[in-house]
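Predicted, not measured: the structure shown is a model, and the values here were computed from it.
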Amino acid sequence: MKNTLLLIAVFTFLVSCKSNEKKNEEQQPKGERPSLEQIISEMDTNKDGKLSEGEVKGPLSNDFNAIDTDKDGFLTEEELKKMDRNQGNRPPRPDDTEKDLSAEINTTVKVIPINTDYFIAENIIGGINKKTVELNGIETLCYVIKTNSQATEHQMGPWCPRHIEDGMEKAGIWFQDDKVYDVSGHFIANLDEFYSDEQWKLYREDGTVKVTDTEEGCLSAAKPNVDEEYHNYCVECLPEYFKDQVTTFVIPVTPKYLNSTQDFGQGGIGIAFNGVNYDPPAPTHAILAAHTIAPLDDHGGHVNPHGGYHYHAATGSTKEISQTDVHAPMIGYAIDGFGIYALANEHGHKPDDLDECGGHTDETRGYHYHAGEPGGNQIIKCLHGLPGYTEVNE
């Protein structure tokens with residue numbers, strides 16, 4: 001599912017608005033999405049050239065915090081452009097892959113090389129190899145890691161309940177406004193109240209839940225333009241549908257800290273020690289636009305056709321590397337080579353000095369990230385290192 005759908009959904013919302021319907025139909029050719037200037041002009045009630053949270057409506061409101069990258073409480077044209085560019089399943093590199101980032105490297109920040117012994121060896125295809133790659137104008141020695149992105153230390157699933165009387169143990173989790181919700185049958189039955197939208201109804205008259213329980217159904221629903229017959233479905237794709245996919249991670253052996261932050265696209269933003277992909281935030285606007293939900297399992301993962309099983313949240317289910325002090329355990333590596341650690345330390349304390357990407361520095365671990373809250377739909381928020389990339393062979 002791709003960010004393109006957000007602009008399409010925004011356009012659908014705009015042209016459905018009462019007094020503006022005729023105006024939009026005249027100005028916007030059918031089937032074309034609106035320009036960013038049109039979106040801002042339509043919603044910018046005080047005409048200050050940016051959108052506050054109170055001004056946005058429809059799909060944009062669902063992902064306001066994710067799009068507002070500078071966290072100033074407004075959406076600017078540049079932030080909307082970044083959202084628009086981050087579409088497709090491309091590697092999480094800067095938008096201009098030819099841009100030379102060598103001047104951004106800060107060698108005063110302590111960095112720690114990747115320790116390949118932390119990975120579960122049997123989950124890696126053909127062992128871990130080294131290769132020199134040019135990353136944004138910088139010749140960089142990288143590890144090349146290939147996996148099937150299949151978890152081995154925990155069960156993958158379940159995701160969707162089968163009946164509105166099923167308990168939370170029969171399904172996974174969903175998130176909204178930084179909170180995690182169990183996708184029980186009761187949750188499914190009350191989605192119309194949850195989203196204040198009477199069009200939600202993911203169950204039949206006999207109480208059975210409408211689930212994409214075939215590969216065909218998965219392929220028809222787990223995409224931006226959900227087939228109409230799968231609107232109002234609980235979207236569930238099984239790992240075995242895509243078990244032969246190979247994900248290749250190209251990650252710097254020794255990370256390079258950059259003074260500037262780097263956005264990521266829809267490719268992997270990191271890797272857990274079991275070889276499963278850490279993904280950018282789930283595109284909830286695209287999922288909800290067709291009155292579908294795609295629950296995560298209790299381990300923070302689900303499946304799509306273009307990346308197989310992957311995580312959107314860190315819930316403590318995967319292999320961890322305990323620290324010799326009270327620091328939070330390590331759970332994987334970001335695509336720039338910096339370590340990702342759990343949020344809370346062994347005493348339950350959470351760091352209060354994280355930067356805009358969710359990272360900070362200490363003497364033992366150098367610069368590193370802490371995974372966000374499971375309900376926040378962000379494992380990390382951006383990259384502070386020279387990004388590697390991922391490739392998926394479907």
Side-chain angles (χ1 to χ4, degrees), residues 1-21 23-24 27-28 32-88 90 92-96 99 175-179 195-197 224-225 260-267 269 279-290 312 354-359 372-373 375-384 387:
M1 298 186 183
K2 304 176 182 177
N3 281 340
T4 304
L5 186 60
L6 178 55
L7 288 178
I8 296 173
V10 170
F11 174 52
T12 302
F13 175 84
L14 292 178
V15 298
S16 68
C17 290
K18 47 188 185 210
S19 62
N20 292 322
E21 182 171 3
K23 175 182 176 183
N24 276 285
Q27 293 180 348
Q28 191 69 41
E32 292 186 15
R33 70 184 191 184
S35 68
L36 297 177
E37 292 81 3
Q38 285 175 301
I39 292 174
I40 293 175
S41 176
E42 190 73 32
M43 295 185 177
D44 183 18
T45 56
N46 64 358
K47 304 305 177 185
D48 62 353
K50 55 188 178 182
L51 301 177
S52 68
E53 192 164 8
E55 289 175 318
V56 297
K57 299 178 178 66
L60 272 181
S61 64
N62 293 328
D63 288 289
F64 187 93
N65 291 333
I67 301 170
D68 180 22
T69 54
D70 63 4
K71 305 305 178 188
D72 67 347
F74 296 93
L75 302 186
T76 64
E77 183 175 345
E78 182 58 33
E79 286 172 325
L80 289 169
K81 284 180 179 178
K82 287 182 180 180
M83 173 272 296
D84 190 25
R85 287 194 299 259
N86 284 343
Q87 55 183 294
R90 66 171 183 248
R93 307 182 190 182
D95 294 319
D96 183 359
K99 181 180 179 181
F175 45 86
Q176 178 78 8
D177 298 330
D178 297 328
K179 296 180 180 179
Y195 285 114
S196 301
D197 180 353
N225 53 329
S260 59
T261 61
Q262 307 299 310
D263 296 327
F264 32 69
Q266 294 292 73
I269 63 173
D279 246 31
T284 54
H285 51 269
I287 297 169
L288 300 175
H312 287 293
L354 300 180
D355 62 23
E356 64 269 48
C357 294
E373 296 278 6
N377 192 24
Q378 284 188 318
I379 293 178
I380 59 175
K381 300 176 182 179
C382 54
L383 299 169
H384 236 309

Asks: Quick one: does K381's side chain have a donor or acceptor within less than 3.5 Å of a partner on D263's backbone?
Replies: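 Not confirmed, K381 side chain does not pair with D263 backbone.
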Asks: Between H312 (side chain) and Q378 (backbone), is there a donor-acceptor pair under 3.5 Å?
Replies: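 Looks like no, no N/O pair under 3.5 Å.
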Asks: Donor-acceptor pair, N377 side chain versus P281 backbone, under 3.5 Å?
Replies: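 Checked: no pair found.
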Asks: Out of curiosity, L288 CG to Q176 CD, how far, rounded to the nearest 0.5 Å?
Replies: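 Spacing of CG (L288) from CD (Q176) equals 7.0 Å.
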Asks: Testing the basics here: between P280 and I269, what is the closest heavy-atom pair and its distance to 0.1 Å?
Replies: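 That would be CG-CG2, 3.7 Å.
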Asks: With a 4.5 Å cut-off on side-chain heavy atoms, are H384 and S260 touching?
Replies: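 No; the side chains remain at least 4.5 Å from each other.
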Asks: Could you walk me through whether I40 and E77 pass the side chain to side chain contact (heavy atoms under 4.5 Å, CB included) check?
Replies: CA-CA 8 Å; I40 293 175; E77 183 175 345; 3.7 Å; yes
Asks: What are the two closest heavy atoms between I379 and D279, and how far apart are they?
Replies: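 The answer is CD1-O, 4.5 Å.
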Asks: Please find the pair of heavy atoms, one from N46 and one from E55, that lie closest to each other, and give the distance.
Replies: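 Between these two residues, the closest heavy atoms are OD1-OE2, 3.0 Å.
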Asks: Which atom pair, heavy atoms only, marks the closest approach of C357 to T261?
Replies: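 Where C357 meets T261 most closely, the heavy atoms are SG-CG2, 3.7 Å.
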Asks: Please report the closest heavy-atom contact between I380 and F264, naming both atoms and the distance.
Replies: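 Closest approach of I380 to F264, heavy atoms only: O-CZ, 3.4 Å.
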